[in-house]
Amino acid sequence: MRQVEDAEVLQAELRRLVQADVPGPDLITTAAGFDVAYDTDSDLVAGAVVVLAAPGWEVIASATVVGRAAFSYIPGLLSFRELPPLLEAWETVLPQLAAPPDLLVCDGHGIAHPRGFGLACHLGVTLDLPTIGVAKTQFVGEHSPPGPRRGERTAITLDGEPVGAALRTRDGVREVYVSVGHRTNLDSACRWVLELCPRYRLPETTRAADQLSRRTLAEARTASR
DNA sequence: GCGACAG
DNA sequence: ATCTTGTCGC
């Protein structure tokens, strides 16, 4: 399909813009979470962006969008499916803020991707803001299991190169997979993920965005009946 | 060719 | 991603 070929070409071009080993902000005061929910039996989608503030990570701003999926799920091209609704929601949430969030957290991978350009990279390059990917499952590369305690981590390597980390965010829970999206580095990314996980396995940003997108989709389904 | 494959 | 709350077990 032409759509797929075009996406692959664009992906290769945008990939050169990624900054994956630069110092990011030291202190994170605000962080944004992004997620998209999908309907089981239609192409209805709901995207959500939430902005949380330290120290309690309470939601200080949010936006949602309901639309139709324009790109099917293809491993390695997830960003082309999720970015449109996420950017639309972003444009709504940004005016609510005095300043852009210090960090953008994506549901999925950054450079830990077959061609080094996952969703977190695509979002980061598009908005030119610091982004990281926090995925619930592994996608590419190899890693040994991290120790059982919160904060322990091991490297994810792809073709011998470090591309991310398997990070334990709570004692005894399954690890999450962290990788840089844009304008930061892996050490900072892991540090921020731990800050964003004071109580659960997943970052508060991810949890809030996930809840909001799902609730929005459920309401949209009800309204269309 | 076969199997795997973020969300 | 999605079907889904309380409940069994460490």
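In what follows, chains are A, B, ... by sequence order, proteins preceding strands, each numbered from 1.
Using a cutoff of 4.0 Å between basic side-chain nitrogens and carboxylate oxygens, A:Arg191 and A:Asp187 are not scored as salt-bridged.
Taking 4.0 angstrom as the limit, A:Lys136 places none of its side-chain polar atoms (N or O) nearer than this to OP1 or OP2 of B:dA6. Between A:Thr40 and C:dA1, a side-chain N or O to OP1/OP2 separation shorter than 4.0 Å is absent.
Atom CD of A:Gln96 has more than 12 neighbouring heavy atoms from other residues, nucleotides or ligands inside a 6.0 Å radius.
Side-chain contact annotation: A:Glu82 with A:Tyr38, donor-acceptor N/O pair under 3.5 Å present.
In this structure, A:Glu82 places its CD atom 9 Å from C1' of B:dA6, rounding to the nearest Å. In this structure, the CD atom of A:Glu142 is 13 Å from the P atom of B:dC5, given to the nearest Å. Taking atom CG on A:Leu86 and atom P on B:dG7, their separation rounds to 14 Å, with Å as the unit. Between the CG atom of A:Asp39 and the C1' atom of C:dC3 there is a distance of 12 Å, rounded to whole Å. Computed from coordinates, the A:Gln138 CD to B:dG7 P distance equals 11 Å when rounded to whole Å. The CG atom of A:Leu44 sits 14 Å away from the C1' atom of C:dT2 (whole-angstrom rounding). Counting to the nearest Å, the P atom of B:dG7 and the CZ atom of A:Arg81 are 13 Å from each other. Between the CZ atom of A:Arg214 and the P atom of B:dG7 there is a distance of 12 Å, rounded to whole Å.
Looking at heavy-atom distances under 4.0 Å, A:Ala112 makes no contact with the nucleic acid at all. Within 4.0 Å (heavy atoms only), A:Leu119 reaches at least one base atom of the nucleic acid. Among the heavy atoms of the strands lying under 4.0 Å from A:Gly76 is at least one base atom, whether or not backbone atoms are also near. If you check every strand for non-hydrogen atoms under 4.0 Å, A:Leu217 touches nothing.
For the side-chain contact (heavy atoms from CB on, under 4.5 Å) with A:Thr205, the qualifying choice from A:Val59, A:Asp210, A:Leu52 is A:Leu52, the only one to do so.
Judged by centroid separation below 5.5 Å and plane tilt below 30°, A:Tyr38 does not stack onto the base of C:dA1. Under the stacking criterion of a centre-to-centre distance below 5.5 angstrom and an interplanar angle below 30°, A:Tyr73 sits stacked against the six-membered ring of B:dG7.
Cation-pi geometry between A:Arg170 and A:Tyr200 is not satisfied (NZ or CZ under 6.0 Å from the ring centre, within 45° of the ring normal).
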